[in-house]
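Each remark here refers to the structure printed beneath this line.
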Amino acid sequence: MTQAFLSIQNVEKYFATVRAVAGVSLDIRENEFFALLGASGSGKTTLLRMLAGFEDISGGDILIEGTSIAKLPPNQRPVNLMFQSYALFPHMTVAQNIAYGLEMEKLPKNEVTARVADILKVIQLGHLAGRKPDQLSGGQRQRVALARALVKRPKVLLLDEPLGALDKKLRSEMQLELKRLQHQFGITFIMVTHDQEEALVMADRIAIMKDGALLQVGPPKEIYELPRSRFAADFIGVMNFLPVTANSGAFQARDGSPITATHVNDAVGTGAAVAAVRPERLSIGEGGENRLSGTVSAIAYHGLDLLLHITTELSDTPVIARMTADVADRHRPETGQPIALSWSARDTHIFPA
Amino acid sequence: MTQAFLSIQNVEKYFATVRAVAGVSLDIRENEFFALLGASGSGKTTLLRMLAGFEDISGGDILIEGTSIAKLPPNQRPVNLMFQSYALFPHMTVAQNIAYGLEMEKLPKNEVTARVADILKVIQLGHLAGRKPDQLSGGQRQRVALARALVKRPKVLLLDEPLGALDKKLRSEMQLELKRLQHQFGITFIMVTHDQEEALVMADRIAIMKDGALLQVGPPKEIYELPRSRFAADFIGVMNFLPVTANSGAFQARDGSPITATHVNDAVGTGAAVAAVRPERLSIGEGGENRLSGTVSAIAYHGLDLLLHITTELSDTPVIARMTADVADRHRPETGQPIALSWSARDTHIFPA
Amino acid sequence: MTEPRTYRLMLLILGVVFAFLYIPISVLVGLSFNEGGLPTAWTGFSVKWYGALAGNSDILKAAGNTLIVALFSTVLSTLLGTLLAVGVEIRRRNGKWLETIIFAPMIIPDIVLAIALLSMFSLLGVKMGLHTIVVSHVVFNLAFVCAVVRARLKSFDWSIVEASADLGASTMTTLYRIVIPVLMPAIIAGALLAFTLSVDEFIIAFFTAGAGRSSITLPMQIFAMIRFGVTPEINALATIVMSVSVVALALSQRLNKGGLPGQ
Amino acid sequence: MTEPRTYRLMLLILGVVFAFLYIPISVLVGLSFNEGGLPTAWTGFSVKWYGALAGNSDILKAAGNTLIVALFSTVLSTLLGTLLAVGVEIRRRNGKWLETIIFAPMIIPDIVLAIALLSMFSLLGVKMGLHTIVVSHVVFNLAFVCAVVRARLKSFDWSIVEASADLGASTMTTLYRIVIPVLMPAIIAGALLAFTLSVDEFIIAFFTAGAGRSSITLPMQIFAMIRFGVTPEINALATIVMSVSVVALALSQRLNKGGLPGQ
């Protein structure tokens, strides 16, 4: 087998007696856009800081192209970090900020100037080269921080919540822009984020972290459509959970009706379990193997789509069903209306209760 | 005609020589959930503060049930405001905060106690009555602020970005919760927000504000589906704009193909114009009156849906098409692939260029 | 930045510099409890020098004067300083000039302030005594109290004042039930600071006390006594003055984290 | 809170209190330019009293001494204070006790500090003079410089230090190219504050100057001269001392908005 580009081998981190990262092993490929996704306190940022060299590791090893970097100080690692706060030097201009890392490599002056000019062109901020960071907008600062890290041509670029400080509209623009730049530079990106949508849109692969450990690693589609735990299913997107009773591979909903499911978690035994289905997989009328009926208790109009909240005997919380605008045009749902939905077995997951 | 419940009549506001609100007239119905939606600087907050009495009006009048309140100080208006920062009194407990407004009405002690206990039950914070605000979570603080305003039984409750300080998950829960409380209390709610999704989900009617004036007033569905200006179309949701040439009621796209549209803005004359269509109204293959073909340049996977970015000759920016997961399962789009889309005339709007 | 060598150098500097401060202070406090009273030998723990102070009517008189001056000037400067701070904050639009006028006294050297006040009282023909020290200390303290309260006002959420009005309260009710209670820790911190400044202050009191010994304060008493060398009584007196300051300012800082001048 | 009556009351208080401060200061400055030199009559504008100062060798000597003391103690306390501030901030985990030790000198009354240093120098048998004043003023100033730099460090974004390391810089390079340039306004502000404090300081200098007139500073000179009443020369001298303070502190505040003690 060929060696991994970046190999994280059983890495641990203790702060005093508190375990922040619990034996994480992960191989990341060259040119991959990898996302570490988790809530705050999941250990994702600590892992990133260990890759950058700002936290030493309590156990395990980190290798790039087969060479351990675990003992190198931050200024000797072939890795750069884009800070969440951007961490631009306030007393330097945009050009000076970007040149700083190259000056540290003792490159000749004209090469520094040329490379700074090149990257300024790429991020389209050439006209602002003489500005100080506090004269820039949030989006511009973000691009300068990115350029300052990219200009060093690191083997791995680490990004700490790269879009966290931007507003909604700018964020969705920058999602694709970042992805484009990663392709253009051919550098491995490792991004830390708590925003599942950001991870889904940008990453080639996602690792879900919880309590310092990896819960599931895979491409976005797999993470979304084949969650391997109830936590992952709930953490990403919206998921309806219906309590069921498991009995030698067959599942019964609360009202006794059978639930058939293609994806049954290994940990499901006999007794209480939950069936899970996404709102967009529920459709009006018969058509799937599984059925439920209930009453529309609320309609949340999102323009693009409606979300129907349906009270049903199958669970205590309302079931949420997504209805696209064209379907809604045909059905014109109203609050208080009885409604029957169905969904298919291949969209159904069973997890331990 | 019966008189309006709350009538804003040609209200203006100047700060020195700067016009913040420009002759706004608006009738709001009893028990209505009304949203003032606009970007920062649109004048929405100034209008709200004039309703609360914190800014005096430079011109026009404000009437509640036919009586002008424009000259009343804030402490004499039958109106309460829920502040964006919540503005809870830090030295008072939850119960004392809620009781404060009732004590100002010089109500007997036992009535104050009873009404505080009642509303604490409604917001399900009875067990935290003795806590100080800094011992509460963001969501709890929000509910206390709401209770403190509601307990006064105002004729109108004003809400300044009521969900702005909450995190994403909590926000979507509180959207429906707030709506439920408004129904339960039967009080007119006027909410200021910059978040279009919040306005769409919660409000009975929305007013879009821009530069101190009302751009469009109507129910969410009308605002989303029948925008009356290019700005409104762009501000709410995602909209594709294609440059077209208008010629006596017929429209031609850049490549000469005809575009038919049901909704033509009155201001459209002859010459340059734009056709607008929402991403969810584009479908693969033939089926609608209008057609375009192009190449898939990027795919943004959102789990629930895909957004295809399609480069086409019809416009300089990529056209965005929404593809639901089940359609994507069938078509399996890939970057670089040629694609043909169509959409119908009734989903097409024409605006002046 | 966290390399051990840099840190050790830092510790060394810290040690040397603070040895110059804390060794003499410790010696001073120690000697005040030394039976023999001489720096040459420790002859046993005793509070006899404190007893000696209690038997010295000059010192008791000076202590009484100091208390009177400190109490009156504290009450007055706290009241006025708080009002000013709130007033200035409300009229923020009036801007820089008001702030400059209020905080200038913190910049003017004490000795210049002392001369100016002395000239003023002389010109007006005011007979000097404790009352002129009180007035002088109010002028001297005001800016400090105002600064402490203003620091708190910078993080004051004015929307609670609007909320109070919105809930039906009048301006006065809002002042008594919302503004003053929320500011109270800062007001008390300001008062404690004013008290300490007044107790410790020497030169302004010296110039505005008038002739004779009737209005002498503790720092003046120490100054007078030191002509005869540093005696055990002086050590005891200095220890007391220092203790009062340290306790008052520690309290003040506790009440008003981050709002103490210079912190 | 914004009612005109409340505001008018506030203005009145402001007026009365600050009349007590600004009238005497204005009179003092005015008299220093009064030809006749007497408070009783304005006999014309003149700088002759300033000229008289220039002809007074005692005063020139005192001014020279003051400058020497202020410059040396400023340079030393700025260097040490900055190092300490950075060191303390890095080792924040060591916590409260380090901060208490550093800032305690701001709390200890000047007169107690003066006595303690005097005892110390006597005990050690150090011959006193300008050098002992310099050492004393370093001890006195250090906490203030440290406080100003620390105030700036509180809003210092430490991620730029990590960013510098990440971009390949060594600890020393980071210190010279990132930390010190970013802190420079606060360091200069601290130095200006130290300079002013040293120029204005009376009681510590008085106690640690030793016997004789060779180490006398300007405030001591003023104190000595005032025994003969407030003369026009004193007014001129006080005006000069005050101008130096006001200019230095105004500069300091400009450089370091919000970081000046008490603001």
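All values below come from the heavy atoms of this structure, side chains included, with hydrogens, waters and symmetry mates left out. Order of the sequence lines fixes the chain letters, A, B, ..., with proteins taken first and strands second; residue numbering starts at 1 for each chain.
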Considering only heavy atoms, which portion of Val151(A) lies under 4.5 Å from any heavy atom of chain D: side chain, backbone, both, or neither?
-> neither
Okay, Arg77(A) and chain D: the region with an atom under 4.5 Å from a heavy atom over there is neither
When every non-hydrogen atom of His91(A) is compared with those of Val182(D), the smallest separation belongs to ND1-CG2, 3.3 Å
Rounded to the nearest 0.5 Å, what's the gap from OH on Tyr100(A) to OG1 on Thr173(D)? Could you check?
-> 6.0 Å
Between Asp166(D) and chain A, which part of the residue has a heavy atom less than 4.5 Å away: side chain, backbone, both or neither?
-> both
Approximate separation, where rounding is to 0.5 Å, of Met104(A) CE and Ser170(D) OG | 7.5 Å
Name the region of Met92(A), side chain, backbone, both or neither, that has any atom closer than 4.5 Å to a heavy atom of chain D.
-> side chain
Heavy atoms, side chains only, cut-off 4.5 Å: are Arg177(D) and Phe89(A) in contact?
-> no
Contact class of Leu158(A) relative to chain D, heavy atoms under 4.5 angstrom | neither
Considering only heavy atoms from C-beta outward, does the side chain of Leu81(A) approach that of Glu162(D) to under 4.5 Å?
-> no
Does OH belonging to Tyr176(D) count more than 12 external heavy atoms closer than 6.0 Å?
-> no
Per side-chain contact (heavy atoms from CB on, under 4.5 Å), Leu167(D) is matched among Asn80(A), Asn75(A), Ile98(A) by Asn80(A)
Is atom NZ of Lys155(A) surrounded by more than 12 heavy atoms (other residues, nucleotides or ligands) closer than 6.0 Å?
-> no
Going by the ring-ring contact (aromatic ring centres under 6.0 Å, His included) test, which pairs reach into residues 25-48 of chain A, not counting sequence neighbours?
-> Phe33(A)-Phe189(A)
Within 6.0 angstrom of Phe72(D) CZ, more than 12 heavy atoms from elsewhere = no
Honestly, the part of Glu103(A) sitting under 4.5 Å from a heavy atom of chain D is side chain
How about Ile160(D) and Ser85(A): do any of their side-chain heavy atoms sit closer than 4.5 Å?
-> no
